[in-house]
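Before any comments, here is the structure.
As the structure lists them, so they are numbered: ligands from 1, and atoms in each ligand from 1.
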Amino acid sequence: MAFLNDNYLKLKAGYLFPEIARRVNAFCEANPVGKARLIRCGIGDVTEPLPPAVIQAMHKALDEQASHNTFRGYGPEQGYSFLRQAIAQNDYRARGIAIADDEIFVSDGSKCDCGNILDILGHQNRTGIPDPVYPVYVDTNVMAGHTGAADDAGVYAELCYLPGNAENGFVPHPPASEKLDLAYLCFPNNPTGAVATHEQLKCWVDYALANDTLLLFDAAYEAYIQNPALPRSIYEIPGAQRCAIEFRSFSKNGGFTGVRCAFTVVPKELTARAADGNRVPLHGLWVRRTSTKFNGTSYIVQRGAEAIYSDEGRAQVKALVKHYMGNATLLREAATTIGLRVFGGENAPYIWARTPQDLGSWDFFDKMLHEANVVVTPGSGFGKAGEGYFRLSSFNSSENAIEVARRLKALV
Ligand code: PLP
């Protein structure tokens with residue numbers, strides 16, 4: 001009989017979204033009228049179609065696949081040079097950040113990248129995880145055997161939780177007295193919508209350089225930053241190329257959640273420690289890992305991603321972001337009007353708010369479902385520190401956002 005990876009048995013059952021679905025289904029069965037009015041405001045998936053420039057580029061690329069002269073089979077595992085160049089040039093070099101084309105690794109999603117990166121990192125690492133958090137960071141560490149067991153509250157032994165709260169504006173500080181080997185950061189943040197300032201990121205980079213910490217910086221929502229003073233990349237902070245990997249995605253700027261394309265930046269200066277004490281560059285290991293376990297993102301998709309950097313593509317992405325941020329403004333304003341303590345929603349598509357009357361996250365979820373017929377995401381689903389909060393997503397049509405804002409204001 002085959003042995004299994006026992007680490008999977010440590011996982012807490014995928015609790016958040018199945019439990020939301022269970023409660024929503026029970027509500028719909030019992031309330032046909034409520035079911036007809038139901039608006040989902042809890043989902044992190046985009047709602048608007050792909051930008052026309054992307055569609056056009058993908059059609060053209062598909063046509064190329066129809067001819068012997070232009071057909072392409074397996075591509076380079078790390079991505080086609082046309083896309084690596086477009087990314088490095090537009091997202092980094094044009095902003096004064098010296099990233100080389102071959103430091104960009106194109107993939108089929110940031111979710112995979114955030115999990116796959118653990119393939120080249122040791123199980124001994126002391127890992128810092130923000131709380132609340134995008135659950136993928138925690139679960140992939142559990143699967144890789146980098147944690148102990150979970151307690152009843154879902155807190156895993158051997159992880160170092162970095163609490164976000166109203167006091168620190170949901171930007172956790174580096175630990176005062178603990179030396180982390182690895183730390184996850186995500187800005188703009190899912191679920192809290194918080195964005196770290198230059199000073200706050202500099203604290204993390206200084207900590208990382210002083211303590212030999214590798215930062216895993218998830219910038220999937222970078223396109224939502226409206227304030228030009230806020231950093232869009234960890235590499236805006238001097239020294240970060242010696243201590244940080246950055247993850248970016250085309251899911252939330254170009255609407256690629258169903259198309260699948262993202263990238264990871266692994267600077268060549270970045271090293272980690274081998275068991276014999278030698279420092280080894282991570283870049284070569286990541287090349288090796290992608291070459292062995294991945295056969296590249298589809299050519300058609302990479303041409304679509306490239307089109308995001310064209311003049312038309314940029315204008316169309318800007319319009320998409322404007323649409324979602326318009327929703328965010330409405331939702332933020334409605335939650336503020338009814339007296340809630342509100343975070344996020346200004347440089348991020350998520351609004352994070354304290355529940356009224358100190359209701360528990362799930363109690364407020366039920367209240368919204370039954371009284372407003374709106375599905376929100378309970379903050380406790382993102383970690384212990386999320387208890388007493390809820391998340392509203394601005395990924396919706398304008399009509400739905402207007403209606404959710406109206407119903408929120410009518411909530412008693
Ligand atoms: N990182 C964060 C913080 C996310 O919220 C998400 C998706 O919701 C992802 C990564 C996943 O991105 P992708 O669609 O590229 O897998």
Side-chain angles (χ1 to χ4, degrees), residues 14 16-17 20 40-48 50 54 79 83 87 91 104-118 128-141 162 164 170-172 183-196 201 215-225 232-234 244-265 290 294 296-298 301-302 304-305 308 317 320-321 324 328 343-345 347-352 377 379 381-383 386 391-396:
L16 178 61
F17 289 102
I20 291 176
R40 291 173 199 273
C41 210
I43 303 176
D45 197 357
V46 295
T47 55
E48 303 306 298
L50 291 171
V54 169
L83 182 56
I87 293 168
D91 284 334
I104 304 289
F105 294 78
V106 177
S107 77
D108 59 358
S110 271
K111 190 191 222 181
C112 323
D113 288 347
C114 292
N116 290 337
I117 199 71
L118 295 178
I129 301 248
D131 178 12
V133 75
Y134 176 50
V136 170
Y137 313 147
V138 176
D139 287 359
T140 52
N141 271 281
L162 306 164
F170 294 94
V171 179
Y184 288 80
L185 295 174
C186 172
F187 298 113
N189 189 263
N190 176 16
T192 67
V195 187
L201 278 193
L215 302 177
L216 299 176
F217 188 79
D218 184 342
Y221 297 94
E222 166 273 335
Y224 290 82
I225 295 179
R232 293 170 168 267
S233 164
I234 186 88
I245 288 176
E246 180 161 294
F247 303 103
R248 293 248 194 133
S249 173
F250 296 103
S251 283
K252 309 295 162 83
N253 59 354
F256 272 44
T257 54
V259 175
R260 312 304 303 142
C261 194
F263 62 91
T264 293
V265 187
T290 47
F294 189 49
T297 307
S298 128
V301 165
Q302 290 192 59
I308 284 180
V317 165
L320 277 176
V321 169
Y324 293 125
F343 302 85
N347 293 285
Y350 298 118
I351 290 96
W352 179 252
T377 314
F382 298 100
R391 188 191 77 174
L392 287 173
S393 165
S394 63
F395 292 121
N396 226 319

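- Of all protein heavy atoms, the one closest to atom 11 (C) of ligand 1 is Y134 OH, 3.3 Å.
- Ligand 1 places these atoms under 4.0 Å from at least one heavy atom of S251: 13 (P), 14 (O), 15 (O).
- The S249 neighbourhood of ligand 1 comprises atoms 12 (O), 13 (P), 15 (O), with distances under 4.0 Å to a heavy atom of that residue.
- Remark: ligand 1 and Y350 share no N or O pair separated by less than 3.5 Å (distance only, no angle test).
- What sits closest to atom 7 (C) of ligand 1 on the protein, heavy atoms only, is K252 NZ, 3.2 Å.
- With a 4.0 Å heavy-atom cut-off, ligand 1 is reached by the side chain of Y221 but not by its N, CA, C or O.
- Taking every non-hydrogen atom of G109 and a distance limit under 4.0 Å, the qualifying atoms of ligand 1 come out as 15 (O), 16 (O).
- In this structure, the side chain of Q302 engages the main chain of T297 through a donor-acceptor pair within 3.5 Å.
- Paired with F263 under the rule ring pair (Phe, Tyr, Trp, His ring centres under 6.0 Å), one option of F247, F105, F250 passes, and it is F250.
- A distance-only check finds a donor-acceptor pair linking the side chain of R232 to the backbone of I225 [under 3.5 Å].
- Contacts with ligand 1 closer than 4.0 Å are made by side-chain heavy atoms of C186 only, the backbone lying farther away.
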CA sep, side-chain torsions, deciding dist, call: V195, Y221, side chain to side chain contact (heavy atoms under 4.5 Å, CB included): CA-CA 10 Å; V195 187; Y221 297 94; over 6 Å; no

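- Judged by distance alone, the side chain of K252 and the main-chain N or O of T257 form no donor-acceptor pair under 3.5 Å.
- Regarding atom 1 (N) of ligand 1, its nearest protein heavy-atom neighbour is D218 OD2, 2.7 Å.
- Below 30°, between 30° and 60°, or above 60°: for Y324 and Y224 the angle between ring planes is between 30° and 60°, a tilted geometry.
- Side chain of T192 to main chain of N189: no donor-acceptor pair is present (N/O by atom type, distance under 3.5 Å, no hydrogens or angles).
- Checking only distances, R260 does come within under 3.5 Å of ligand 1, N or O to N or O.
- In this pair, F187 and F217 present their aromatic rings tilted. The plane angle is within the 30 to 60° band.
- Between atom 12 (O) of ligand 1 and the options S393, S110, G115, C114, the minimum heavy-atom separation is to S110.
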